[in-house]
Each structure stands twice: as structure tokens, then as C-alpha cells.
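Just follow the structure's listing: the first ligand is 1, and inside any ligand the first atom is 1. For this chain, numbers begin at 1 and follow the sequence in order.
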Amino acid sequence: MNRMALVRHLCAHPGLSRSDLAEAVGLTKSTVSLLVRGLIEEGWLVEREVVTTGDLGRRPTPLFIDPARLLLLGVEIGIDAVRVVATSLTGELQACVISPHATEPTADSCIASLAAALLKVRSQFDANRRILGIGIGIPGSVDADRGVVQQAPNLGWHAVPFAALLRETLRDTPLTGVPLFVLNEAGAAALGEHEFNPGSNSNPLLYVSINQGLGAGVVVDGRLLTGSRHYAGEVGHMVLQHNGARCSCGRRGCAEALIAAPLMPYLPGNPGALEPDPQALNSAGRHLGMLLQNLATAYDPGCIVLGGAAMTVGDSFLQPALDVLKDYATAARLAPPTVRTSRFGAHAVGIGAAALARHRLTRPTPPLPASGGLSTDSKESA
Ligand SMILES: [Zn+2]
């Protein structure tokens, strides 16, 4: 617990010294020195040389999360493919493998191709590069505590014990026992923007993901809002129009039906890709502006981040959304909320899933059952 408190603190505040850390987390300097020595040996932390200037004399050595040794794996389960990335502990992309689904992916076929892709990425690194954890982002509602996919309508999955099945498939491979963490894809991408962006003042951070479906992740004070039944962030089913277009959920006028569905023909990889219809893009964009206005009113976010395949459509979709937000703000004599696109582009969910692994490993909540390594280490040193 104490070790991870130090790591977590350095994630958010890189460059602190041992005595800064001792003060920040409320431990003695000698305890911090002991724990830091272990964390440096294991590859979590690194010391950087201090440039000493004559006048100031010797200053305390700054500590950083080590970007060179330990690895995280992040997975995006997409509608069309499985994407696996390896990142450093600080979120730099180190490797990527994309494995397209052959046909409609069942949970079993998807887990088999995911395991193969994970092992392919693993094989690109020396055996002595330790992999700390595997995060997985799934387009659906996920019970993250149990690693169970409750509903993934665009994949046709229902009540899939994803973590348990994957753990079984990875048994007796080089990834045996590596802790697994499963989450909704927008939640994972939101954690990526939060974890791998130290010093940002985006609290709450609201990530809106627009693909075939539409969802959001909300990070408040460094924690992802999950809701009482793991449905928080399902903003694609906020109703924007009474008796509007029919949505996949059975209701009418949902944001997903008015924003994501009309974009589908224009997204890359769509076999029947059409010539863009400016009016359809404009209408989808204006509805996105309306949705963001409602979300901004609900959460007062420090920043709204947009991501997903819909970003490839570009300004003919995004500009109308920003225009609508500005109109609403002007009418209320307020500044419009800050909106930007994801820092990780097409890797937003994969890198976000790697961030999910770091997020969970460095917080004192029990990992999923039967995961190895870290929880034991933490207990020993606590
Ligand atoms: Zn709906």
C-alpha cells in the first residue's frame, strides 16, 4: 500500500525528492528511502541527475516514474478488430498488434485471437522485461470488480465472464498470472487522458467516445465514476429528441441514434462507404453540441475530450458541435466548456486500457481474484 502510494504520488507529481514524498504521504524519510530503493531496483522509479549549481549546492535528487523498464499492455476490443498495445509506465507506445475479427466475433473466438495478439506483443520484448498488468476496454457495460461484460450490444454479448475466460486461455503462457482489468472502452480512454497527462487541471475530465456506439467516461478527483450498476457514462442513451429516430436500445431520439448512427456510412473500414453528405454531418454535429451542452451542465467539466472513429470525419462534423456549444454559452453569458480531441488518436482506448492497469495497480483496491505478483508484494512491504 505504501509503495503504491509513493508511485501514485510520483505519477501525478513527477520530480519530487524523497523528503517531498515523505511529507506528501505522511511516512518517515527513512521508510520512504527504503521503499524507494526497492521501487528503483524493480523498475518502477528512476533517479535523475541534479544539475548542481555552485550557489545552491547539492539539491535533493528528483525521482520519476521509470519510462524505460516495466511494461503495461492495453487492449481495445473493437467491433472490427482486437488492438493490443504495449506502453511504458508513463504511457509511451512501445508496440502494437492489430488482429481483425474473421467473422462476427463470439466471446470465445475474440478471446482466442486476443490471447494470440497479447502473446505476439509479449514476444517482441526480452523475457526479462516485466509486464505489470493487462487492461482491456470493451464497447459495453462492464462489471469491473468481477471482470464480467454485462452487455455489449454491438458485439452481441451478454453476461460474459471475460477476465476469467482470458485468464484461463493465458494459463501456461508467458503471460500467466499477469493481473487483468476490464472496463468499458470510454472509461478506459478517460483514464488514459487522466493518468498519462500529469499536471493537467482537467477535473472533472469528461471523455466522449463516438464509434458505432456512443459512451462517456467521467473522472472525478482521480476516480472513474462507475455508477451503482456499472451503467454510468452510457450517455449515448440520453434522449435529445422526443419521438426522434429509433435507437438500438429500443427508445427513440437517443444521442446515439442522432449522432453515431448517421455517421456510420462515413467511417473508415465501412464496406459501403458513401460520399459524405454535408447536411447529415452537420445535423449529427449539431446534436453532438446539444449532448455536450447537457453533459457540461451536469458535470461542469474542466475539459471535454472527444475520441473514437468519428474523429476521422473531421471539421464538417465537429465544427457544428462547437458552434452549438458557443451559441448556448453566449445565450447564457458564460464561457463555453473546453473541448479537445484525444491525445492518443486511434490508440485512445488501447493506451487508455494500459492506463487502467496502472490506475488499478497503484490504488489499494484488491485486484481481480487469482491475479499474481503485485498484491503480494504490496502486502509484504506495507
Ligand atoms: Zn438508445
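- A continuous path of Ile, Leu, Val, Met, Phe, Trp and Tyr side chains, each step under 4.5 Å between heavy atoms, connects L288 with M238, placing both in one hydrophobic cluster.
- Shown are K29, H13, H9; of these, the side chain to side chain contact (heavy atoms under 4.5 Å, CB included) with L21 is made only by H9.
- Ordered by chain and number, H237 ND1, C247 SG, C249 SG, C254 SG make up the set of protein N, O or S atoms under 2.8 Å of the Zn ion (ligand 1).
- The pair E47-R18 counts as a salt bridge, with a side-chain nitrogen and a carboxylate oxygen less than 4.0 angstrom apart.
- Between the side chains of S17 and D20, a donor-acceptor pair is found at a separation under 3.5 Å.
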Could you give me the CA-CA distance, side-chain angles and deciding distance for S19 and E23, then say whether side chain to side chain donor-acceptor pair (under 3.5 Å) is met? CA-CA 6 Å; S19 51; E23 197 173 334; over 6 Å; no
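- Under a cutoff of 6.0 Å and an axis angle of 45°, R343 and F196 do not form a cation-pi pair.
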